[in-house]
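Note on naming: letters A, B, ... go to the chains in the order of the sequence lines (proteins, then strands), and numbering restarts at 1 for each one.
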Amino acid sequence: MARSQYTGPTEMPAIGAVRQVALAAGRNLDSTLAFWRDVLGMSAHARYDPPGIAFIMAGDVRLLFTDGVPAGTVYLDIAGLEAFHTDAKASGVPFTAPPSLVHRDTEGTFGPAGESEWMAFLKDPAGNTIGLVERHTPQEE
Amino acid sequence: MTPLLDGSEDPRKVLVAREIEAISNADIIGWAGLHAASLGYADDLNYQQLVRSNPRNAVALGKAHGHLKSLIARQFPDFNDRSQQASEMAREVFLRRLREYLQDDIAPFHVCRMVSHIEQTYEYPHWLGDLYNACDWMDERTTREQASHLGDVIKQVIADNGEIPVHRSN
């Protein structure tokens with residue numbers, strides 16, 4: 001007898017926005033959180049010891065720092081990317097990539113048409129890659 | 001990644017290479033350690049600072065670009081890093097990096113981040129070929145496998161610039 005195939009729910013679930021993203025805590029959660037606080041200005045919203053996890057809020061999205069997940073990549077909006085890069089670099093923050101043009105949104109797929117997306121990258125002590133993203137108008141390029 | 005500079009380069013070319021993100025501050029210090037300075041600037045304060053810099057010292061690394069700019073401003077006051085002369089230097093450095101890409105030495109983003117700097121500094125020079133389009137959505141996480149089209153575009157750019165792609169023999 002043929003096994004019946006799962007065809008999915010009769011109504012699609014109402015899945016909404018991203019609530020939480022898991023990133024690696026690294027060997028020393030204190031160091032990782034200190035980096036996010038001191039370099040990015042994002043302090044821990046909550047911390048639970050045990051089990052040794054912490055949350056940082058990025059807008060409405062919770063960034064969960066925990067053991068047991070590989071280092072991840074998260075892209076964060078920033079205003080004033082170039083100035084931030086200049087200041088942070090002068091303070092000794094190592095960037096893996098300076099602000100660079102990654103995409104021209106000529107058709108307005110992700111925002112106003114004609115804007116471009118610039119990104120810079122750095123890594124936290126846990127090895128997570130942080131992409132800092134800013135959209136520029138054509139006049140700002 | 002193989003160092004792009006071998007020490008024989010004119011300091012102006014090193015500055016251009018840094019401005020288009022072809023090299024890092026550590027590369028500037030590495031260059032200074034290899035470079036045989038002409039008498040004109042061998043005793044320049046900023047050049048000496050570069051020669052004495054430790055590339056593993058974050059503070060020294062942070063200052064390297066500034067030292068180089070000061071050296072150029074003092075010793076080559078007529079040099080304009082957006083001039084046609086600078087554009088030609090940028091082209092030479094860029095093609096060197098493109099050849100390295102074909103030798104599997106650098107990542108797609110390393111090529112593409114240079115493209116945006118070159119476009120802006122030298123007003124979309126023709127020698128960039130179709131890299132403007134080929135670099136769309138290339139970021140630091142983009143792998144060479146994901147960017148399989150990039151190699152073909154790079155080969156075309158090298159050919160259009162009268163360069164023969166060099167492939168690693170070993």
Can you label the angle between the A:F110 ring and the B:W137 ring as parallel, tilted or perpendicular, going by 30° and 60°? perpendicular
Can you establish whether the number of heavy atoms outside A:H45 located under 6.0 Å from its atom NE2 is more than 12? no
Look at the side-chain heavy atoms of Ile, Leu, Val, Met, Phe, Trp and Tyr, link any pair under 4.5 Å apart, and say whether A:L122 and A:L23 land in one connected group. yes
Could you tell me whether B:R144 atom CZ has more than 12 heavy atoms of other residues or ligands within 6.0 Å of it? yes
With chain B, which of A:S91, A:G131, A:P98, A:A90 has the greatest number of heavy-atom pairs at distances under 4.5 Å? A:P98
When you group the ILVMFWY residues by side-chain heavy-atom contacts below 4.5 Å and let the links chain together, are B:L128 and B:I158 in the same group? yes
Closest approach of B:H117 to A:S100 (non-hydrogen atoms, all atoms of both residues): NE2-OG, 4.4 Å
For a 4.5 angstrom cut-off between non-hydrogen side-chain atoms, does B:D139 reach A:E117? no
Let me know if A:P99 has heavy atoms under 4.5 Å from chain B in its side chain, its backbone, both or neither. backbone
Chain A contact via B:R113 - side chain, backbone, both or neither, heavy atoms under 4.5 Å: both
Relative to chain B, which segment of A:A97 carries a heavy atom at a distance below 4.5 Å: side chain, backbone, both, or neither? both
Within this structure, what is the CZ-OG distance for the pair A:R104 and B:S116, rounded to the nearest 0.5 Å? 7.5 Å
Side-chain contact, heavy-atom cut-off 4.5 Å: A:L101 with B:E119? yes
Are A:V133 and A:I78 linked, directly or through intermediate hydrophobic residues, by side-chain heavy-atom contacts shorter than 4.5 Å (ILVMFWY only)? no
Crowded around A:Q20 CD? As in, over 12 foreign heavy atoms under 6.0 Å? yes
Cut-off 4.5 Å, heavy atoms of chain B, and the answer for A:Y75 is side chain
Flag side-chain contact, heavy atom, 4.5 Å: B:M138 against A:V102: no
Taking NZ in B:K63 as the centre, count heavy atoms belonging to other residues, nucleotides or ligands within less than 6.0 Å. Is the count above 12? no
More than 12 heavy atoms of other residues, nucleotides or ligands under 6.0 Å from CG of A:D60: is that the case? no
Decide whether A:T96 and B:E140 meet the rule of one side-chain donor and one side-chain acceptor closer than 3.5 Å. yes
